[in-house]
Amino acid sequence: MVIKMKKVYTCFCTSVIHEGHLNIIKEAEKYGEVIVGVLSDESMVRFNKFPAVSLEERMEMVQNIEGVKRVIVQKDIMYDAVIRELQPDYVIHGDNWKNGPMQAIRNNVALLLSQYGGQIIEVPYTYNERVKHADACIKEKLAMPEYRRKRLKQLLGLCPIVKAMEVHSGLTGLIVEKTIIENNGALDQFDAMWISSLCDSTAKGKPDIELVDMTSRFRTIDDVMEVTTKPIIFDGDTGGLTEHFVYTVRSLERMGVSAVIIEDKTGLKKNSLFGNEVVQELDSIEHFSEKIRAAKQVQLTDDFMIIARLEALILEKGQEEALRRACAFVEAGADGIMIHSRKKAPDEIFEFCDAFRSMDKETPIVVVPTSYNSVTEQELIRHGINIVIYANQLTRSAFPAMEQTAKDILRHHRAKEVDEKLMPIKDIISLIDEL
């Protein structure tokens with residue numbers, strides 16, 4: 001009589017195997033044949049961190065673990081497809097998924113298993129100095145310039161749309177790095193960080209007129225890079241003189257920044273959302289194209305991206321002018337096009353994107369929906385948009401909260417009344433990793 005082995009399933013979303021994973025396999029062997037799913041790159045990006053090694057390498061690592069019978073790819077964070085296909089008797093996982101966003105995954109598994117009598121096995125989560133060191137090594141690798149720099153291009157191949165959030169300090173970088181939410185049974189997070197000229201200047205109490213020099217702005221990049229791993233898109237304003245911009249590109253590329261966005265205006269910088277309310281002038285197509293060509297010539301890798309920001313719609317020059325400039329700048333070597341608008345509705349953005357996509361299917365399109373903020377990411381995807389930048393929301397949300405706190409302390413001559421609106425300092429400190 002042949003006794004059918006029970007099936008035990010677990011999923012790994014890691015770029016390194018440590019004793020925590022080995023403990024799970026050892027425990028799983030007690031219950032039956034061990035099948036391990038390796039989370040796909042696309043889902044790794046949504047769930048945890050960018051994979052430090054390829055899917056094939058991760059699968060090979062798992063296959064080499066003693067006790068693993070079979071390795072498969074788990075394409076989605078949630079287990080629906082895998083459990084339908086395998087019908088495992090048991091799903092085994094560390095008990096760290098009982099709280100936080102990961103609880104949604106546990107609930108999903110519990111519901112699926114309950115439909116045919118499967119069971120969850122939970123083992124105590126392993127976290128000691130050796131595991132901590134392994135995690136730290138992966139984080140350090142992800143933060144290294146040669147790995148971080150190419151990540152934006154990789155994300156463009158993995159994500160339907162890349163979501164970038166403004167940061168202007170190490171702390172805001174940590175917020176964007178570590179914020180993961182569960183929404184409608186799925187996990188999500190930001191993919192990249194935007195270092196805005198406006199927010200960088202504002203954080204320093206300076207006007208947004210390119211007054212803060214590049215040396216100071218590079219220090220902001222350093223502060224963010226030191227504590228994060230996500231790719232950085234840098235707001236380069238107009239890029240300045242061509243002779244200066246080539247040095248900026250060299251510096252950004254060496255630091256590990258993924259992209260710089262420069263706008264096709266000339267003269268003293270004025271914020272685009274003022275439009276024609278202030279004097280703003282478009283650069284000539286020829287001069288701006290030459291700036292792009294000169295910068296592309298000094299690049300040392302194919303990883304770094306120079307993205308041309310079009311201001312034609314901001315200055316009400318029309319769709320034809322915007323499209324003419326877009327085509328010229330791509331011809332000059334631009335790796336992407338950012339189209340900007342100050343209208344409250346996205347109609348002119350969609351009109352541009354549809355027209356541009358009819359001519360160019362490949363060049364990434366970037367948008368910044370600050371004024372037309374009711375638009376959804378799914379709508380952007382339908383019009384061929386690849387990157388969405390939430391350009392100043394962290395700065396704008398912090399200022400009124402801090403101002404109100406200051407007023408309330410002055411009003412009450414003590415801090416008690418504001419305390420319930422404040423995050424405990426230990427929760428803020430918990431964002432900061434210790435070495």
Side-chain angles (χ1 to χ4, degrees), residues 13-16 44-52 96 99-102 127 131-145 147-149 151-152 155 159 162-183 187-204 212 216-235 252 255-259 387-402 405 421-435:
C13 52
T14 182
S15 297
V16 62
M44 280 273 284
V45 169
R46 297 269 64 77
F47 169 68
N48 193 354
K49 291 184 174 68
F50 199 92
N96 59 315
N99 301 296
M102 287 179 64
Y127 198 69
V131 173
K132 183 179 177 181
H133 177 71
D135 288 344
C137 288
I138 288 296
K139 179 182 175 183
E140 287 300 317
K141 181 177 181 179
L142 290 171
M144 291 174 69
Y147 291 101
R148 193 197 296 247
R149 185 192 310 116
R151 203 160 297 141
L152 182 61
L155 284 166
C159 302
V162 175
K163 301 189 290 292
M165 171 60 87
E166 167 256 322
V167 303
H168 54 268
S169 64
L171 184 59
T172 53
L174 282 170
I175 290 171
V176 173
E177 177 87 0
K178 296 190 175 187
T179 299
I180 303 174
I181 62 116
E182 181 273 326
N183 187 29
L187 300 187
D188 206 358
Q189 62 178 307
F190 292 106
D191 306 299
M193 297 178 289
W194 165 247
I195 295 188
S196 153
S197 171
L198 166 64
C199 297
D200 204 4
S201 300
T202 301
K204 294 173 171 62
V212 178
S216 178
R217 298 204 59 210
F218 289 171
R219 283 200 296 271
T220 301
I221 296 175
D222 278 333
D223 288 344
V224 172
M225 283 188 158
E226 193 170 2
V227 296
T228 65
T229 64
K230 292 183 186 293
I232 289 174
I233 305 171
F234 183 76
D235 179 4
L252 293 172
M255 294 171 78
V257 171
S258 295
I387 301 175
V388 56
I389 296 176
Y390 298 101
N392 50 40
Q393 281 78 6
L394 289 187
T395 292
R396 289 163 57 203
S397 64
F399 181 84
M402 291 190 291
T405 297
K421 294 182 288 187
L422 307 182
M423 175 182 281
I425 193 67
K426 67 179 182 180
D427 291 350
I428 297 174
I429 293 172
S430 68
L431 279 174
I432 302 169
D433 297 321
E434 294 183 5
L435 295 177

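These numbers come from a predicted model, not from an experiment.
In this view, Thr14 and Phe12, Val16, Ile17, His21 satisfy the side chain to side chain contact (heavy atoms under 4.5 Å, CB included) rule, not counting sequence neighbours. Every residue meeting the salt bridge (Lys or Arg N to Asp or Glu O under 4.0 Å) condition with Asp188, not counting sequence neighbours, appears here in chain and number order: Arg46, Lys163. With sequence neighbours left out, Ser169 forms a side-chain hydrogen bond (donor to acceptor under 3.5 Å, both in side chains) with Thr172. For the side chain to side chain contact (heavy atoms under 4.5 Å, CB included) test, residues two or more places apart in sequence or in another chain that qualify with Pro424 are Lys426, Asp427. Asn96 is linked by a side chain to side chain contact (heavy atoms under 4.5 Å, CB included) to His93, Met102, Tyr125, counting only residues two or more places apart in sequence or in another chain. Legend: residues meeting side chain to side chain contact (heavy atoms under 4.5 Å, CB included) with Ala143, ordered by chain and number and at least two apart, are Arg148, Thr229.
Under the side-chain contact (heavy atoms from CB on, under 4.5 Å) test applied with Val257, the options Leu152, Ile233, Ile221 reduce to a single match, Ile221. With Val162 as the fixed residue, the side-chain contact (heavy atoms from CB on, under 4.5 Å) test singles out one of Ile389, Val45, Val388, Leu155: Leu155.
With rounding to the nearest 0.5 Å, the separation of CG in Asn392 from NE2 in His168 is 11.0 Å. Atoms NZ and CG, from Lys230 and Asp191 in turn, are 6.5 Å apart once rounded to the nearest 0.5 Å. Remark: Ser197 OG to Arg217 CZ distance equals 4.5 Å, nearest 0.5 Å. Rounding to the nearest 0.5 Å gives a distance of 7.5 Å between CG of Leu187 and CD1 of Ile180. Distance check, rounded to the nearest 0.5 Å: NZ of Lys204 to OG1 of Thr220 gives 3.0 Å. Taken from CG in Leu171 to CD1 in Ile175, the straight-line distance is 4.5 Å, to the nearest 0.5 Å.
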Exercise for the section: Could you give me the CA-CA distance, side-chain angles and deciding distance for Lys132 and Tyr127, then say whether side chain to side chain contact (heavy atoms under 4.5 Å, CB included) is met? Expected result: CA-CA 7 Å; Lys132 183 179 177 181; Tyr127 198 69; 3.4 Å; yes

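At least one donor-acceptor pair closer than 3.5 Å links the side chain of Glu166 to the backbone N or O of Thr395.
No side-chain donor from either of Ser15 and Lys141 sits under 3.5 Å from a side-chain acceptor of the other.
Here the closest heavy-atom approach between residue Pro231 and residue Ser258 is recorded as CB-OG, 3.3 Å.
Using the six-membered ring where Trp is involved, Phe234 and Phe218 have ring planes that are tilted, between 30° and 60° apart.
The 12-atom threshold is not exceeded at OH of Tyr147, counting heavy atoms of other residues, nucleotides or ligands nearer than 6.0 Å.
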